[in-house]
Amino acid sequence: MLLRVRVTLPDRPGTLGQVARTLGVSGADIVQVVVLERLGGRAVDDFTVVWPGAARVERLLAGLAAIPGVRVDGVWRAIGAPTTTGQDAELLAQVAANPTDGVATLVDAVPGLLAADWAVAAVVPLDWAARSGDGGEPTVGHASWRAPVPPRLPEVTPLRARAITTPDGHHYAVAPFGRAGLVLVVARDHSEPLAAAAFHATEVDRLAQLVRAGAVILGDRLDLVGAPPVTTIT
């Protein structure tokens, strides 16, 4: 199976090599490394690895924990092959080529791009800001195929791009389209024995850029998401 392994490590020569060797010795075959952050002498890296299904992940975690200065931020199952930002343009081209299904195309593709479990396009009531105590219960305009029924949504208001972690350990990234109360919600579910990492700021930025570009492409079509179907009386 494919695993995503996120580690925080000292940003100095040799440490990345130690992590890579430990992954290999533990039985992992590295297929991609993505640097999410380099700041203050520390780096945050995502490794996508092929992991033997019968092997115990505890062995991998113990090996990484033995490297001085290395912290494992999360290990979780990845869906599909690893992706890069080069595929964002291809996704937006698909949205532009078939705008009628543009929101559904975004919702279905984003989990694979961000190593998430599922996504939904949620519609927040337009008067959410005037409501006391909460922003109102959002409705679901479209859900990806792995989304629970009904989808489990965090409090998405106020509408701004950000990462959210709920008390039960589930991680979300949300990004508003800036129109019709529509917001894209992407989720990483908490499951034992694996524990996913929270969405990193670079992942939230990537989602926000996709959503903003999608909003420009789709324009008025966003107003139709979640609207009741029009019936004709004959």
Side-chain angles (χ1 to χ4, degrees), residues 4 36 46 76 78-80 83-129 134-166 170-190 196-227:
R4 185 67 61 92
L36 296 176
D46 267 3
W76 68 103
I79 302 172
T83 61
T84 63
T85 53
Q87 291 177 292
D88 293 3
E90 181 179 346
L91 171 57
L92 292 172
Q94 293 174 9
V95 172
N98 184 15
T100 301
D101 296 324
V103 171
T105 299
L106 278 173
V107 171
D108 291 336
V110 161
L113 294 179
L114 295 180
D117 291 302
W118 52 271
V120 299
V123 183
V124 177
L126 294 179
D127 62 344
W128 65 266
D134 62 71
E137 191 68 25
T139 58
V140 175
H142 183 80
S144 66
W145 70 277
R146 287 171 57 94
V149 180
R152 180 188 61 253
L153 298 178
E155 176 53 65
V156 297
T157 57
L159 295 178
R160 64 174 183 271
R162 66 191 189 279
I164 301 170
T165 297
T166 55
H170 299 295
H171 302 297
Y172 301 89
V174 300
F177 284 83
R179 188 179 185 123
L182 189 63
V183 58
L184 189 55
V185 182
V186 189
R188 288 180 185 147
D189 290 335
H190 175 74
F199 287 92
H200 191 270
T202 58
E203 294 175 308
V204 176
D205 288 345
R206 184 181 181 187
L207 177 65
Q209 290 171 12
L210 279 170
V211 167
R212 285 196 298 268
V216 171
I217 294 170
L218 297 175
D220 293 346
R221 293 179 184 272
L222 296 177
D223 298 337
L224 304 176
V225 178

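Computed from heavy atoms alone, side chains included, the values below leave out hydrogens, waters and symmetry copies.
- Minimum heavy-atom separation, Val204 to Ala173: CG2-CB, 4.3 Å.
- Remark: Ala96 engages Ile217 in a side-chain contact (heavy atoms from CB on, under 4.5 Å) (not counting sequence neighbours).
- Every side chain to side chain donor-acceptor pair (under 3.5 Å) that Trp118 has, sequence neighbours left out, goes to Asp189.
- Looking at Val183 and Pro138, their side chains never come closer than 4.5 Å, going by heavy atoms from C-beta outward.
- Considering only residues two or more places apart in sequence or on other chains, Leu106 meets the side-chain contact (heavy atoms from CB on, under 4.5 Å) condition with Leu91, Val95, Phe177.
- Considering every non-hydrogen atom in both Ala121 and Leu182, the closest pair reads CB-CD1, 4.1 Å.
- Taking each heavy atom of Pro154 and Thr166 in turn, the nearest pair found is CB-CG2, 4.2 Å.
- Ala116 is linked by a side-chain contact (heavy atoms from CB on, under 4.5 Å) to Pro111, Val186, Arg188, Phe199, counting only residues two or more places apart in sequence or in another chain.
- Note that the CG atom of Leu207 and the OG1 atom of Thr202 stand 11.5 Å from one another [nearest 0.5 Å].
- Between Val140 and Pro150 there is no side-chain heavy-atom pair separated by less than 4.5 Å.
- Residues satisfying the side-chain contact (heavy atoms from CB on, under 4.5 Å) test with Arg162, not counting sequence neighbours, are Pro158, Arg160, Ile164, Val174.
- When all heavy atoms of Pro99 and Ala97 are compared, the closest pair comes out as CD-C, 3.6 Å.
- In this structure, His171 contributes its side chain and Thr165 its backbone to no donor-acceptor pair below 3.5 Å.
- Across all non-hydrogen atoms, the minimal contact from His170 to His190 is ND1-N, 2.9 Å.
- Listed by first and then second residue, the salt bridge (Lys or Arg N to Asp or Glu O under 4.0 Å) pairs that reach into residues 100-126 are Asp117-Arg146, sequence neighbours excluded.
- For the pair Ala122 and Leu153, the tightest heavy-atom approach, listed with the atom from each and the gap, is CB-CD1, 4.1 Å.
- For the atom pair CZ of Arg179 and CG of Asp223, the computed distance is 4.0 Å after rounding to the nearest 0.5 Å.
- Put simply, the side chain of Arg206 gets close to the backbone of Leu113: a donor and an acceptor are under 3.5 Å apart.
- Between the CD atom in Gln87 and the CG atom in Leu210 there is a gap of 11.0 Å [rounded to 0.5 Å].
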